[in-house]
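Let me begin by presenting the structure, written as structure tokens, before commenting on it.
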Amino acid sequence: MDNPSAERTVRDRLLTRADLQRLSGEHSLIDCDMEGADLSNLDLSGWSFQRCNLRKADFRGSRLERTHWQSCRAPFADLSGCDLSEAAFVASDFNNGSFKRALLEAARFSQCKLTGADLSEVRAIDLDFEETLLINAKLPRLSFRRATLKRVDFSQADLRNCDFRQANFIESSLREANMHGCRFDGADLRGADLGGLRLVDAAPFRGATISRDQATQLLSELGLHVR
């Protein structure tokens, strides 16, 4: 018997917008090259991308609900305004990519590189990051309330007005991040690198839990010693 799933798998091809438009139904693209392709405003809901080259690909306004991205290379890709509800990103590189105004409800990022990525104005409920680099990324006003953030690096990120209430940080970093207007009530920061934070900047952390070592680090900024 024919294998229906095999018929919906495309491998090792250079694909254009026209090629994708000719494919009906959900497809799995493996080791395909779409670098710089105009894929804007397409309906690719439920599609799977594995080990694909998506550098500078333009997905603006596309429907990408329930998509799966595995080991993709997509630096500078533009996913502005996309519907990425329930999308899963695994071990993929989206450095300097744009997710501005995207819908990221229940989206998952695991082992990904989002260095310099722009997530401004995204709509996100139950957005999850794990083992992900968000160094120098733009994430203003995002809610991480009650989230568990494991091995997430927010170093130098724009986190202005983010909600970290009751969040739990595990082996993560907030080093030199812009945290103006953030809320950390009830957060557990003992597993966070707070390097670069000064005591005069510590007001947003009122109500959070920190370790003795972290307290010593903050007090040392005033020349005080904890014994």
Side-chain angles (χ1 to χ4, degrees), residues 14-21 23 26-27 29 32-130 132-144 147 152-163 177-178 181:
L14 176 64
L15 298 173
T16 65
R17 179 186 183 88
D19 293 328
L20 267 62
Q21 287 177 314
L23 299 175
E26 299 177 7
H27 275 70
L29 308 182
C32 291
D33 189 344
M34 289 159 278
E35 180 171 349
D38 176 7
L39 308 175
S40 60
N41 298 303
L42 294 179
D43 186 353
L44 304 174
S45 303
W47 284 45
S48 174
F49 303 84
Q50 185 173 343
R51 299 190 303 275
C52 291
N53 176 18
L54 300 165
R55 180 182 177 86
K56 294 186 178 180
D58 182 1
F59 287 95
R60 285 179 297 175
S62 290
R63 292 187 56 185
L64 300 168
E65 308 101 297
R66 307 181 314 282
T67 47
H68 185 84
W69 313 70
Q70 172 76 49
S71 304
C72 290
R73 304 178 307 284
F76 299 96
D78 194 344
L79 293 94
S80 302
C82 289
D83 186 346
L84 287 157
S85 303
E86 300 182 42
F89 298 84
V90 182
S92 293
D93 181 356
F94 280 83
N95 81 79
N96 292 294
S98 177
F99 293 81
K100 290 183 68 174
R101 299 180 300 280
L103 178 59
L104 289 168
E105 183 173 346
R108 299 286 182 268
F109 291 87
S110 177
Q111 304 171 49
C112 288
K113 182 178 181 181
L114 293 169
T115 301
D118 190 347
L119 287 86
S120 303
E121 303 176 60
V122 300
R123 292 163 289 161
I125 299 174
D126 196 27
L127 174 61
D128 183 69
F129 293 104
E130 182 174 349
T132 291
L133 297 178
L134 285 157
I135 300 169
N136 204 36
K138 298 177 182 177
L139 305 112
R141 300 184 182 279
L142 268 180
S143 176
F144 296 95
V152 179
D153 193 342
F154 291 109
S155 298
Q156 300 178 325
D158 179 1
L159 301 175
R160 288 173 298 165
N161 300 301
C162 284
D163 186 353
N178 183 349

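Only heavy atoms go into these numbers, but all of them, side chains included; no hydrogens, no water, no symmetry mates.
Between the OG atom of S85 and the CG atom of L127 there is a distance of 11.0 Å, given to the nearest 0.5 Å. To the nearest 0.5 angstrom, I125 atom CD1 is 4.5 Å from E105 atom CD. Taking CG of D33 as the reference point, atom SG of C52 lies at 9.0 Å (rounded to 0.5 Å). The structure places CG of D118 at 11.0 Å from CG of N136, a figure rounded to the nearest 0.5 Å. To the nearest 0.5 Å, atom CZ of residue R60 and atom NZ of residue K100 are 11.5 Å apart. To the nearest 0.5 Å, the span separating CD on E121 from NZ on K138 amounts to 11.0 Å.
Ring pair F59/W69 is perpendicular by interplanar angle, where above 60° counts as perpendicular and below 30° as parallel. In this structure, W47 and H27 have tilted ring planes: the angle between them lies in the 30° to 60° band.
The shortest non-hydrogen separation linking T67 to L44 is CG2-O, 3.4 Å. Contact between A91 and C112 at its shortest, heavy atoms only, is N-SG, 3.8 Å. The shortest non-hydrogen separation linking L64 to C82 is CD1-SG, 3.8 Å. For A57 against M34, the heavy-atom pair with the smallest separation is CB-O, 3.8 Å. Looking at every heavy atom in both residues, V90 comes nearest to H68 through CG2-CE1, 4.1 Å. Annotation for S62 and L42: closest pair OG-N, 3.1 Å, computed over non-hydrogen atoms.
Between L114 and F89 there is no side-chain heavy-atom pair separated by less than 4.5 Å. No side-chain heavy atom of L39 sits under 4.5 Å from any side-chain heavy atom of Q21. Between L104 and L119, the closest side-chain pair of non-hydrogen atoms falls below 4.5 Å.
Heavy-atom neighbours of R17 CZ from other residues, nucleotides or ligands within 6.0 Å: above the threshold of 12. By the neighbour-count criterion of 12 heavy atoms within 6.0 Å, atom CZ of R141 is sparsely surrounded, having that number or fewer from other residues, nucleotides or ligands. Shown here is R55, whose CZ atom has more than 12 heavy atoms of other residues, nucleotides or ligands within 6.0 Å.
Looking at R63 and D43, a side-chain N of the basic residue comes within less than 4.0 Å of a carboxylate O on the acidic one, giving a salt bridge.
For F99 and F94, the ring centers sit closer than 6.0 Å to each other.
For D128 (side chain) and E130 (main-chain N/O), no donor-acceptor pair under 3.5 Å exists by modelled atom type. Of the possible donor and acceptor atoms, none in the side chain of S71 sits under 3.5 Å from a partner among the backbone N and O of R51. Side-chain N or O atoms of D38 include one that pairs as donor or acceptor with a backbone N or O of S40 at under 3.5 Å. One N or O on the side chain of S92 and one on the backbone of C72 form a donor-acceptor pair closer than 3.5 Å.
The side-chain contact (heavy atoms from CB on, under 4.5 Å) with F154 is formed by just one residue from the set N178, I135, L139; it is L139.
Side chain to side chain, S45 and E65 meet the donor-acceptor criterion of an N or O pair below 3.5 Å.
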